[in-house]
Amino acid sequence: MTDTQERNPGEPLRVGVLGARGRMGIEVCKAVDAADDLELVAAVDQGDDLSAVSGAGAQVVVDFTTPDVVMDNLRWCVEQGISAVVGTTGFTEQRLEQVRGWLAGKPDVSMVIAPNFGIGAVLMMQFAARAARYFESVEIIEQHHPRKLDAPSGTATHTARQIAQARAEAGLGPVPDATRDEVPGARGADIDGVRVHAVRATGLVAHQEVLFGTTGETLTIRHDSYDRVSFMPGVLLAVRAVRNHPGLTVGLDALLD
Ligand SMILES: NC(=O)C1=CN([C@@H]2O[C@H](COP(=O)(O)OP(=O)(O)OC[C@H]3O[C@@H](n4cnc5c(N)ncnc54)[C@H](OP(=O)(O)O)[C@@H]3O)[C@@H](O)[C@H]2O)C=CC1
Ligand SMILES: O=C(O)C1=N[C@H](C(=O)O)C[C@H](O)C1
């Protein structure tokens, strides 16, 4: 922690929000405002000056922006010595490595990057990873509102990677699939050998099904976020915890009891 970031006991933790006028940013600003132990000191969106965040002495930044701009934002946070909680999607392993590299030279700065802050969604991913070894077939169907910029979702990508890792550790081969002459896209995206189907429809918020199959039975694990308030307990948990978790933490799992 740098001197300017020191938290005096009893004083609220100073939080800056990037993407503050977006769907998630608006909810985060409300949630931080409503928490007695947190103070919203800066709310920044596209076109605003990031120096509002450092100028206000933010100790933690929350980023819900876009995959295009998030890396520049995070590099800036590290340079300023400000820890970050990141919900923005688009984190490849290469991007995560880059973030780890920046943090390596800054022991007082830490980050939590989570593809989904919904507690139910975190459990859905954990349950899916646990089930993966017992089923020869698996497909992921994610469903979101049509204004979402990225597909497949960060949650679906993360789930697919975890399932693929569990399958590899269990010695499972490829998912059986005899499809021929397919119409491009008909079988969804292939993420580490797991098919992921992205649905976009008005009325949806954020939903995911993981469908497992083996001889004579299927298992469906489903999670639904009907409202963006579902993400707020996880975001606030990460805001309060991030500075006690050195380096980069990926996913909310390590912060849950
Ligand atoms: N981890 C999780 O639990 C969740 C993650 N997400 C992810 O969070 C991200 C945001 O989602 P959502 O809120 O729906 O998207 P929105 O498009 O509603 O919000 C993004 C906001 O960021 C603004 N923005 C763009 N560039 C910058 C910049 N350089 N600095 C500051 N603000 C900027 C945008 O402005 P403008 O519109 O003018 O471009 C917009 O207001 C997505 O990647 C989404 O997948 C969403 C929900 C939950
Ligand atoms: O854009 C969204 O809305 C969401 N994005 C995240 C993702 O891509 O997984 C989390 C949640 O699904 C909502």
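Quick note: residue numbers are just sequence positions, from 1. Bear in mind that the values here come from a model prediction, so they are computed numbers and not experimental data. Whatever order the structure lists ligands and atoms in, that order sets their numbers, starting from 1.
The 12-atom threshold is exceeded at CZ of R187, counting heavy atoms of other residues, nucleotides or ligands nearer than 6.0 Å. Heavy-atom neighbours of R23 CZ from other residues, nucleotides or ligands within 6.0 Å: above the threshold of 12.
Nearest residue to atom 31 (C) of ligand 1 from D45, V70, V86 is D45 (criterion: closest heavy atom). The closest non-hydrogen atom to atom 10 (C) of ligand 1, taken over T65, V205, D68, V69, comes from T65.
Heavy-atom contacts of R21 reach the following atoms of ligand 1: 41 (O) (cutoff under 4.0 Å). The K148 neighbourhood of ligand 1 comprises atoms 45 (O), with distances under 4.0 Å to a heavy atom of that residue.
Under 4.0 angstrom from ligand 1, the non-hydrogen atoms of P115 all belong to its backbone. When heavy-atom distances to ligand 1 are checked against a 4.0 Å cut-off, S153 has no atom that comes that close, whether in backbone or side chain. Under 4.0 Å from ligand 1, not a single heavy atom of R147 appears. Heavy atoms of F117 found under 4.0 angstrom from ligand 1 belong to the backbone as well as the side chain.
Residue R228 places no N or O, backbone or side chain, under 3.5 Å from any N or O of ligand 1. Backbone and side-chain nitrogen or oxygen atoms of G25 are examined, and none is located within less than 3.5 angstrom of a nitrogen or oxygen of ligand 1. Below 3.5 Å of separation, one finds an N or O of G87 facing an N or O of ligand 1. Of the polar atoms of R23, at least one N or O is found under 3.5 Å from an N or O of ligand 1, judged by distance alone.
Note on ring orientation: taking the six-membered ring where Trp is involved, the planes of F135 and F212 are tilted (angle from 30° to 60°).
A salt bridge is absent between R167 and E136: the closest approach of a Lys/Arg side-chain nitrogen to an acidic carboxylate oxygen does not fall below 4.0 angstrom. Looking at K148 and D150, a side-chain N of the basic residue comes within less than 4.0 Å of a carboxylate O on the acidic one, giving a salt bridge. Salt bridge status for D72 with R75: present, with a side-chain N to carboxylate O gap under 4.0 Å. Salt-bridge formation is detected for the pair R100/E93: a Lys NZ or Arg NE/NH1/NH2 atom is positioned less than 4.0 Å from an Asp or Glu carboxylate oxygen.
Take R222 and apply the side chain to side chain donor-acceptor pair (under 3.5 Å) test, not counting sequence neighbours, and it matches E209, D224.
Heavy atoms of G154 come nearer than 4.0 angstrom to ligand 1 in no pair at all.
With respect to atom 13 (O) of ligand 1, the closest heavy atom belonging to the protein is M24 N, 2.8 Å.
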Nitrogen or oxygen contacts under 3.5 Å, ligand 2 side and protein side:
from	atom 1	to	atom 2	distance (Å)
ligand 2	1 (O)	K148	NZ	2.8
ligand 2	3 (O)	H145	NE2	3.0
ligand 2	5 (N)	K148	NZ	3.1
ligand 2	8 (O)	K148	NZ	2.7
ligand 2	8 (O)	G154	N	2.8
ligand 2	9 (O)	G154	N	3.2
ligand 2	9 (O)	T155	N	2.7
ligand 2	9 (O)	T155	OG1	2.5
ligand 2	12 (O)	H144	NE2	2.6

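Distance alone, capped at 3.5 Å, is enough to place a donor-acceptor pair between the D45 side chain and the A20 backbone.
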